[in-house]
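Notes follow the structure.
Numbers restart at 1 for each chain; the letters A, B, ... are given by sequence-line order, proteins then strands. On a predicted model such as this, the values are computed, not experimentally measured, just so you know.
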Amino acid sequence: RKEVEQDPGPFNVPEGATVAFNCTYSNSASQSFFWYRQDCRKEPKLLMSVYSSGNEDGRFTAQLNRASQYISLLIRDSKLSDSATYLCVVNRGNYGGATNKLIFGTGTLLAVQP
Amino acid sequence: DVKVTQSSRYLVKRTGEKVFLECVQDMDHENMFWYRQDPGLGLRLIYFSYDVKMKEKGDIPEGYSVSREKKERFSLILESASTNQTSMYLCASRWPQYFGPGTRLTVL
């Protein structure tokens with residue numbers, strides 16, 4: 001089983017749609033969770049951290065369910081510029097020291113259509 | 001603004017050559033990382049470093065070595081390049097990680 005699993009997509013949605021991505025992780029000791037965005041042929045960029053209480057940044061909402069080891073990203077009112085690959089990222093173990101490694105999912109491709 | 005730079009965007013080398021990939025960050029970060037990214041496999045950690053002259057193996061260190069003589073610079077070395085090392089190489093610094101633009105390496 002992969003440490004971080006995502007639906008690869010592609011998700012083809014019209015402008016203005018709401019789209020949700022899901023991600024599961026296998027290590028129950030993981031403490032830190034993130035969503036990164038990667039545009040075609042570019043480097044990944046941090047989109048947002050994911051907190052237990054859930055957090056929102058404009059049109060983006062991230063949620064964490066520790067019991068189910070599940071992370072989600074919701075994008076409301078999709079824009080053409082949201083087209084990218086979204087990477088779910090989890091740290092491998094307890095924060096700090098040699099276990100302070102990030103594990104990247106293979107990403108979910110989003111294509112927003114005009 | 002954090003700035004991570006990599007020495008080359010595109011590089012073509014021949015099998016058996018020694019290859020150096022350089023990464024520099026300008027924010028005095030202690031943590032630096034080297035990844036490779038391949039289709040269907042995502043980003044995989046090769047090596048990382050928490051301080052000068054300190055290095056730790058990641059998940060796929062075979063065929064690679066690293067050097068960190070100064071805090072701002074973290075070099076990835078392919079001792080004898082092979083075709084299966086053709087990939088996108090990404091350097092990152094800080095926690096959570098901030099990436100450089102990547103080096104697309106082709107080994108012929």
Side-chain angles (χ1 to χ4, degrees), chain A residues 1-10 21 23-27 30-51 55 57 62 64 71 73 84-109, chain B residues 1-11 21 23-25 27 29-51 54-61 66 74 76 87-106:
Chain A
R1 183 186 171 187
K2 287 183 179 177
E3 291 182 88
V4 178
E5 293 206 62
Q6 295 182 252
D7 181 343
F21 305 136
C23 166
T24 57
Y25 61 95
S26 61
N27 188 344
S30 294
Q31 297 293 326
S32 301
F33 310 91
F34 309 95
W35 283 101
Y36 276 69
R37 170 197 169 123
Q38 186 171 25
D39 293 297
C40 188
R41 297 188 179 279
K42 298 280 192 175
E43 72 275 19
K45 293 184 179 178
L46 179 64
L47 180 66
M48 58 197 302
S49 301
V50 186
Y51 303 117
N55 48 299
D57 183 3
L64 167 65
I71 305 159
L73 177 68
T85 297
Y86 290 83
L87 307 176
C88 174
V89 184
V90 175
N91 82 309
R92 183 166 272 162
N94 296 329
Y95 183 84
T99 59
N100 190 16
K101 300 176 191 175
L102 292 182
I103 307 302
F104 287 76
T106 52
T108 298
L109 178 62
Chain B
D1 205 16
V2 178
K3 185 99 173 152
V4 179
T5 57
Q6 294 185 228
S7 49
S8 306
R9 292 300 303 272
Y10 299 93
L11 207 52
L21 302 181
C23 175
V24 177
Q25 51 95 1
M27 291 298 291
H29 294 149
E30 292 179 345
N31 301 345
M32 296 188 76
F33 307 82
W34 274 107
Y35 293 86
R36 63 178 282 177
Q37 186 174 29
D38 302 285
L41 297 176
L43 279 90
R44 292 179 291 167
L45 182 64
I46 305 171
Y47 266 97
F48 61 104
S49 170
Y50 290 137
D51 205 347
M54 177 275 175
K55 59 187 177 186
E56 285 197 35
K57 293 180 180 179
D59 296 319
I60 51 162
V66 290
F74 191 35
L76 180 69
S87 186
M88 169 68 89
Y89 289 88
L90 289 153
C91 174
S93 74
R94 199 191 68 180
W95 169 273
Q97 283 143 43
Y98 186 95
F99 287 87
T103 296
R104 188 164 293 277
L105 172 67
T106 301

Side chain from CB out, backbone as N, CA, C, O: work out which of these in B:Arg104 comes under 4.5 Å of a heavy atom of chain A, or both, or neither. side chain

Mind checking whether B:Tyr50 and B:Glu56 have side chains closer than 4.5 Å, heavy atoms only? yes

Okay, side chain of A:Asn91, backbone of A:Ile103: is any donor-acceptor separation there less than 3.5 Å? no

Proximity breakdown for B:Leu90 and chain A, heavy-atom pairs closer than 4.5 Å: side chain

May I ask you to check whether B:Tyr98 and B:Gln25 show a side-chain donor-acceptor distance below 3.5 Å? no

Strictly by modelled atom types, are A:Thr108 and A:Asp7 linked by a side-chain donor-acceptor pair under 3.5 Å? no

Heavy-atom proximity to chain B below 4.5 Å, by part of A:Lys2: side chain

Most chain A-contacting option - heavy-atom pairs closer than 4.5 Å, from B:Gly102, B:Pro101, B:Gly42: B:Pro101

